[in-house]
Amino acid sequence: MSEQSVVRFDVEDGIGVITVDYPPVNALGPGVSDGIIAALEKGEADPNVRAMVLMGAGRTFIAGADIRQFGKPRAVPAKRTYDVLDQGKKPVVAAIHGYALGGGLENALACHYRVAVPSAKVGLPEVQIGILPGGGGTQRLPRIVGPKVALDMIVSGRHVPADEAKTRGIIDDIIPGKDLRKEAIAWAKGIADKRPLPRVRDRSERLAEVKTDPGMFDTARKQYARRMRGQPAPEKCIQAVEAACTQPFDEGIATERRLFGELENSPEAKALRYAFFAEREIARIPGLPKDLKLPEIKTMAVVGAGTMGGGIAMSFADAGMPVKLVDASKEVLERGIGRIRDNYATSVKRGSLTQEEMDKRISLITPVETMEEIGDCDAVIEAVFERMDVKKDVFKELDRVMKPDALLFTNTSALDIDQIAAVTSRPEKVAGTHYFVPANVMKLFEVVNASKTAPETLAAAMKLGRDIGKISGYAGNCDGFAANRSRIPFTMEQNLMVEEGALPHQIDKVMEDFGYPVGPFKVNDMSGLDISYDTRKRRKAADPNYRMLPIPDGLVEAGRVGLKAGKGWYRYEKGDRTPHVDPEVEALIKKVATENNITQRSFTNEEILHRLLFGSINEFCKILEEGKAVRASDLDVMWLHGFGFPRYRGGLMFWGDTLGAREIYNQIAAWHQRYGARWKPSELLRRTAEANGKLAELKADKLR
Ligand code: 3H9
């Protein structure tokens, strides 16, 4: 694309207007910065130009540097826009709508003035992709808002709304934004003759804050200690802001540039960039016609007011969508509504929700006792007890009461959706919408395509998830669908390794060191060991060959059902959630191993990590082979948002590539010899290993 086409310059009423036009988000892609510089120079040289406006075409100002260019060889630019702006003799006003993020805000900060429309958001989110603001943001922002607020903005990467940005002095004025160009020109005319030009680099008064609070940097280190685990970027963000307070501007800029260079190609930055694009790619389902006419979903119903149904209802109310919650039992319904109220009240107490917002959300949830009352909703999600006969009865009822064009979704996590759809007269309008617990918090929204689901229904379900702020991911109809199915080997190996001699706290530590917020056994204790025990018993009743897990079974049978009982894999003091290693558990493990003739041995940390993760990589490949997921990176996103996989490792398949498909295949083949069928390598994995291919780039040939 030529420079002319990505940046336009024209003069109106004595004001030079620089318009960045690089869809979709005006990132600073090839030619954009050079185009801005050329336009600034033109404006400086034109005697008819008194002042200039920098703005974006389309839906946003500038979303930052072009993330796709990071990690690729780039020429060092002869000039940087920031320096050209600093050296300019004519005032430049940044007129912000949509987002001014990263390099976008940094350019705006180098302008002399900033105005924004009320809905605009500004921020320096670089830390979220493992880097730091490298266009002077760490030096200019503290000069405006003070180092303490700058630390908060830069280390968290949060988006700051226009009204807060105005209060903090980041923007000078809020303009209505009905006609951004016209209003910005008028604003620029108002300041065109003012001198001296205000340059952020010349300001230092806010930096003095550090003298009254010299401990602020260590406080930030402590505050962000959890987030910083395993990641270099937050620490370097802090160092850069520290440099703003201790070094002259140009030296500070040099420090920022050095720190930026140290981060750009770090493994964490590469992984976070991968996650950023994978999260956008997951929305695309190949083969869906582009011009599909989607049924509109404006009103929702949820069947079943248990914990899951209540959480699902909240997910709609949180997004401002009206939802009817139906349960045949008045008592269950009242309890469900009470639980929703309690959940919201906790958020109000914590300060993350206002009372007014809580009241608004509650008012969007209408409890009803009969199915007839939900008949006019555009779509319904069933969240009743996980048993096929119960689900079939509900779907027969839904088919009868719901208007003919309503979509019928099931939140089953394991049952065959084809069988559920078959009891209705509209199987093409049936799909799975699988939430993760807690439904109102977890971002993953797995959309299950049954064999008769129409493309419109599938696409509408995917969109529904995105509309309520979740990440929708495609899965085919198979046992466990994509996400849970890929996780089964992890859970299995977790338990089998304990039989073989690894201790729960050792396994937890390995996974926490790897980056999981909490180890898997602690998670089991939090969610309760009894639920999976009951599932195992049901499976065993249905299939005599099903293998029970004697250690967790033994724990449950001894009353050790987890945190709620004060004991599970760990021991807990009354009223305290801290897990303590319990010799009783170790004794039980030894006893079970002896009874089952299992020889115990010691495990290295690496063996534990590989045993837990390689089985799921193998399963990922099998899922793709069977066409039950679109691409490996979708599964990576599912693990990030469904199971707490550490984001700075990109995703399971991305991490696998850091070891190489060949190493993983060889190990799996060896375990297949040693442990038998559960480690049978996938054909796709074998082929990928032989071809030295990338796991994260694998795709299904065909969706089934
Ligand atoms: C930086 O600035 C470094 C500097 O300090 C200076 C260094 C010297 N680059 O998210 P969406 C694509 S680092 C390339 O679906 P939304 C995105 O992939 C950068 N592409 O829209 C997608 O493409 P596709 C700091 C980008 O409305 C399409 O645009 N800035 C970039 O939900 C639409 O995106 C950030 O980290 C980019 N910077 O959300 C901001 N941004 O259609 C990153 C987006 O092919 N961006 N794309 O899938 C965002 O947070 C969101 O995109 C935004 C819009 C909030 C702007």
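If you read the sequence from its start, that first residue is 1, and numbering goes on from there. Counting starts at 1 for both ligands and their atoms, following the listed order.
Counting heavy atoms closer than 4.0 Å to ligand 1, residue Q128 contributes nothing at all. Heavy atoms of E279 found under 4.0 angstrom from ligand 1: none, in either backbone or side chain. At a 4.0 Å heavy-atom cut-off, ligand 1 touches I67 through backbone and side chain alike.
At a distance under 4.0 Å, a protein heavy atom can be found next to atom 16 (P) of ligand 1.
For ligand 1, the atoms lying closer than 4.0 Å to a non-hydrogen atom of E106 are 4 (C), 5 (O), 6 (C). Atoms of ligand 1 found under 4.0 Å from any heavy atom of G103 (numbered from 1 in listed order, with element): 1 (C), 2 (O), 4 (C). Of all the atoms in ligand 1, the ones that sit under 4.0 Å from a non-hydrogen atom of F277 are 18 (O). Listed by number with element, the atoms of ligand 1 under 4.0 Å from a non-hydrogen atom of R68 are 18 (O), 45 (O). Contact atoms of ligand 1 toward A27: 9 (N), 37 (C) (distance under 4.0 Å to a heavy atom of the residue).
Considering backbone and side-chain atoms alike, A65 places an N or O below 3.5 Å from some N or O of ligand 1. Not one N or O of Y99 is nearer than 3.5 Å to an N or O of ligand 1, by distance alone. For ligand 1, the polar-atom distance check against R280 finds a nitrogen or oxygen pair separated by under 3.5 Å.
Here the rule is salt bridge (charged side-chain N to carboxylate O under 4.0 Å, His left out) with E279, and of R284, R647, K443 only R647 fits it.
The side chain to side chain donor-acceptor pair (under 3.5 Å) pairs that include a residue from residues 70-81 are E41-K79, R74-E264, T81-N107, where partners are two or more places apart or lie in different chains. Residue pairs satisfying the side chain to side chain donor-acceptor pair (under 3.5 Å) criterion with at least one member in residues 232-246, sequence neighbours excluded, are listed as follows: R221-E235, R221-E242, E235-Q239, K236-E262.
Regarding atom 30 (N) of ligand 1, its nearest protein heavy-atom neighbour is A63 O, 2.9 Å.
Salt bridge absent: K270 and E268 never bring a charged side-chain N and a carboxylate O closer than 4.0 Å.
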